[in-house]
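Reviewing the structure listed below.
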Amino acid sequence: MEKPNRPYWEQVYSMLETVDVATGERTVHKRFDSLIEAPNWLPDGNTLLYNAGGSLWLFDLTTKESRKVDTGSAARCNNDHVLSPDGGQVGLSSAGPEGRSLVYVVPLSGGEPRLVTPVGPSYLHGWSPDGTTLAYCAERGGEFDIYTMPVEGGEETRLTDAPGLDDGPEYSPDGRHIWFNSVRSGLMQVWRMDAGGQNQTRMTWDEESNCWFPHLSPDGKQVAYIAYKKGDVAPGDHPPCKHVEIRLMDADGENTRTLVRLFGGQGTLNVNSWSPDGTQLAFVSYGYKE
């Protein structure tokens, strides 16, 4: 039971899990008596990347041990981080000198980060398959929209302009589309657009749920996302410690099914966590410590 006078991250434990997408069988790899969030799967198929305590960590699925990634001066990382297509670099979001989230790139082997977005807040979600472009959610002039920018920096391009929050942009494996979530219909729903922002198309039509953070399978045929029950949260909010579902659907928006029911939300599935072979998803569930 949550204690109202203490922040939630001091009260929860975290379960780092994977689930077989064909059978729904869940495997708990480790319990952490603190908050961890947002696992990515590395190309080697045996390592997960997650954030905790403002840092990024590598988790070995064989030894069950974690190793901190040296991100230099980017020491206030949040749960928006993305691996480069070759797995050698990580794009991350971390509080900058003024406290606003900025996007950086750093070698996964460690080093001093390179600033990409000089203006914040900016929250990274996507790296194009050809390695050239980053997609992120950013607040500019009071509106949160989706932008892209070359990995090497430069001018940002605004892709959405609908009123309300647009968030979670992620490229399809073929690079043709960006998937995202938008509150423009009144509930948070999953959308898809061309990589240049054209043809913005609603992909989920669930009037009883708020749907967040679509993630494409490596073959581009399935989409995983997280769903909050309507009424449990405001459409533009994705808090922690709620009863939520991880769902799968075909990339044409058909054949939606619930894969996992869990206690989670923020931190569970913020980033793409498909295994390289497309057979599993990694995620984090939570519980309150006694």
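Residue numbers run from 1 in the order of the sequence given. Values in this document were obtained by computation on a predicted structure and should not be read as measured data.
A donor-acceptor contact under 3.5 angstrom links the side chains of Asp250 and Asn255, judged on distance only. With no hydrogens or angles considered, no side-chain donor-acceptor pair links His243 and Lys229 at under 3.5 Å. Side-chain contact, Asp80 with Ser93: no donor N or O sits under 3.5 Å from an acceptor N or O. With no hydrogens or angles considered, no side-chain donor-acceptor pair links Asn199 and Thr201 at under 3.5 Å. Gln266 and His238 share a side-chain donor-acceptor pair at under 3.5 Å. Counting only N and O atoms by type, the side chains of Asn40 and Ser273 include no donor and acceptor under 3.5 Å apart. Donor-acceptor pairing under 3.5 Å is lacking for the side chains of Thr47 and Asp60. Residues Asn51 and Asn79 have side chains that never bring a donor and an acceptor to within less than 3.5 angstrom of each other. In summary, the side chains of Gln280 and Asp20 do not present any donor paired with an acceptor at a separation below 3.5 Å, with no hydrogens or angles considered.
Between Pro113 and Ser73, some side-chain heavy-atom pair lies under the 4.5 Å cut-off. Side-chain contact between Glu17 and Val284 is absent, with no heavy-atom pair separated by less than 4.5 Å. Side-chain contact between Thr117 and Val119: absent, with no pair of heavy atoms (C-beta onward) separated by less than 4.5 Å.
Atoms CD and OG, on Glu245 and Ser209 in that order, are 6.5 Å from each other to the nearest 0.5 Å. We find the CG-CG distance between Leu259 and Leu281 to be 6.5 Å, quoted to the nearest 0.5 Å. In this structure, Tyr50 OH and Ser66 OG are separated by 2.5 Å, a value rounded to the nearest 0.5 Å. Here the SG-CZ distance, from Cys137 to Phe144, works out to 6.0 Å after rounding to the nearest 0.5 Å. Expressed to the nearest 0.5 Å, how far CE of Met149 lies from CD of Glu156 amounts to 5.0 Å.
When the shell of 6.0 Å around CZ of Arg100 is examined, it contains 12 or fewer heavy atoms from other residues, nucleotides or ligands. Enclosure of atom CD in Glu10 by more than 12 non-hydrogen atoms of other residues, nucleotides or ligands within 6.0 angstrom is indicated. Heavy-atom neighbours of Lys221 NZ from other residues, nucleotides or ligands within 6.0 Å: at or below the threshold of 12.
Looking at Thr148, its side chain never comes within 3.5 Å of a backbone N or O of Leu134 through a donor-acceptor pair. His215 contributes a side-chain N or O that, together with a main-chain N or O of Phe213, makes up a donor-acceptor pair within less than 3.5 Å. Listed for the Asn210 side chain is a donor-acceptor partner under 3.5 Å among the backbone atoms of Met188.
For the pair Arg247 and Tyr225, the cation-pi criterion (under 6.0 Å, within 45° of the ring axis) is not fulfilled.
Between Arg140 and Asp145 there is no salt bridge, since none of the side-chain N atoms of the basic residue sits less than 4.0 Å from a carboxylate O of the acidic one. A salt bridge links Arg202 with Glu207: the closest approach of a Lys/Arg side-chain nitrogen to an acidic carboxylate oxygen falls below 4.0 angstrom. Note on Lys230 versus Asp232: no salt bridge recorded, every NZ/NE/NH1/NH2 to OD/OE distance being 4.0 Å or above.
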For this session: Begin from the C-alpha positions of Asp70 and Lys68 and carry the test salt bridge (Lys or Arg N to Asp or Glu O under 4.0 Å) through to its verdict.
Result: CA-CA 6 Å; Asp70 174 16; Lys68 187 176 180 180; over 6 Å; no

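The distance between the ring centers of Phe180 and Tyr171 does not fall below 6.0 angstrom.
Listed by chain and number, the residues in a ring-ring contact (aromatic ring centres under 6.0 Å, His included) with Tyr104 amount to none (sequence neighbours excluded).
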